[in-house]
Engineer: 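Quick one: the structure is below, questions incoming.
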Amino acid sequence: MKKICVMGLGYIGLPTCAMFAKNGVQVVGVDILKEIVDTINKGEIHLEEPLLGDIVKDVVNEGTLRASLEPEEADVFIVAVPTPNNNDHYKSCDLNYVVSATNALLPYIKKGNLIIIESTIAPRTIDDIIVPLIKEKDFSIGSDIFLAHCPERVLPGQIIKEMIENTRIIGGYTQRCTEVASNIYEIFVTGEIVKTDAKTAEMAKLVENTFRDVNIALANELAKVCNRIDINVLSVIEMANKHPRVNIHQPGPGVGGHCLAVDPYFIIEKAPELSRLISMSRDTNSSMPYFVVDNVKKILEDIADPKIAIFGLTYKGNVDDIRESPAIKIYHMLENQGYRISLYDPYIKHDRMMIEEHDESIKDADLILILADHKEFKELDKKIIKGKMRRSRIFDTKNIVKNINTNDNDIEYINMGNLFEYIK
Ligand code: SAJ
């Protein structure tokens, strides 16, 4: 059986280690942070993801997974390190971690080895950046050693299930590389294995998230337009989506996370003058926190020294992840403008932020501002809201509340649909 060395033990690297180890492969997971390495060697995990903790515990106990600060000789090397945006004009792809992880593993490479880059990378990175690094070692790629880009496409919160069941794109530098890499994923992937070349795989991964970002931007733009001309955007989207070939996404307070808010820029950087639609969609989605703050101001215009209870700070519902979260941005903007604010989020631990209990957070508040679609917000306790708030008003930017609606007489319920009635 083969041995695999995985560089990076984050949201993708660790589940990848766990899945190979669970299927009997010897795995060494490498990370630069000692705390992470120590945690995993104890059979514990440092991030929240259903099912992952149990699998890691088992494979560490069985001895198939081990963590280390240094890479070691193996048959297959997988690079799964972050690729943030550079702080430049186009927010281009920062390849520093990918390049340094690749350089770190090169001294351990032998003839016959396979290197896989799983990190999301700008199109042509394998051809233009990684191949020259490997060629410096005098290896011939496709015969001595093999190289492929195999992007992951898993959804946080269901990583294990999706890692097994999703279609997997395998983009080899040569056809032989594609074949060799496909054999590895066949160890645990039950979804379809799609074989292509490296640059097509790079672009396909970016385009998936760009598709979603552009469609959310359309929904957000429609929300702005409809509220300008007194039309309920949520009804419009619901109706339009009854057409069999229409699927408009949902408007909201903006787009967060480490994928949709990051990946489209990697396409833009390669041909900025040709990617106007992608660029404008990014701008539209990034403008939504300002739209929310402007309208909160209007909603609260008639109240002296208002208090806002923010419900949900994560970048999306039912996760504890606040990376690139538009909710955090909105919170800081409102705070800077002098509003009294309390925070409530059932997914965030109290010591991480000034999170209060539900009842405490809405005490004397004039507005509940919902910014994440956590399932706990579907049913709100009307009695407690009526009893505790100074003014019973909700602005639900995610349209998540189901037991209170715009016709409610006791509680003023505002969402992206009827917002125009409150901001004139
Ligand atoms: N959002 C909206 N309106 C919508 C849908 C989402 O405003 O109609 C917002 C969410 O609230 C959130 C953001 O978009 O702030 C992104 O959420 P998401 O659930 O669309 O996606 P991510 O970033 O959690 O994960 C995406 C997934 N990609 C696609 O669905 C095409 C996932 O499959 C990828 O693996 C992941 O990016 C990634 O790693 O690239």
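Both counts, for ligands and for their atoms, begin at 1 and track the order of listing.
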Engineer: Are Arg323 and Asp321 within salt-bridge range, i.e. N to O under 4.0 Å?
Structural biologist: yes
Engineer: Not counting sequence neighbours, which residues clear ring pair (Phe, Tyr, Trp, His ring centres under 6.0 Å) with Tyr339? List them please.
Structural biologist: none
Engineer: Can you tell me which residues line ligand 1 if we count any heavy atom under 4.0 angstrom from one of its atoms, in chain and number order?
Structural biologist: Glu152, Arg153, Val154, Leu155, Pro156, Lys205, Glu208, Asn209, Arg212, Ile216, His249, Gln250, Gly254, Val255, Gly256, Cys259, Leu260, Asp263, Tyr315, Lys316, Lys398
Engineer: Show every ring-ring contact (aromatic ring centres under 6.0 Å, His included) that has at least one partner inside residues 261-285, sequence neighbours left out.
Structural biologist: none
Engineer: Classify the ring geometry between Phe377 and Phe311 as parallel (under 30°), tilted (30 to 60°) or perpendicular (over 60°).
Structural biologist: tilted
Engineer: Ion pair present between Lys42 and Asp38, side-chain N to carboxylate O less than 4.0 angstrom?
Structural biologist: no
Engineer: Please tabulate, one pair per line, all N/O donor-acceptor pairs under 3.5 Å involving side-chain atoms of residues 268-275, not counting sequence neighbours.
Structural biologist:
unit_1: Glu269; atom_1: OE1; unit_2: Cys93; atom_2: N; d: 2.6
unit_1: Ser275; atom_1: OG; unit_2: Ala271; atom_2: O; d: 2.9

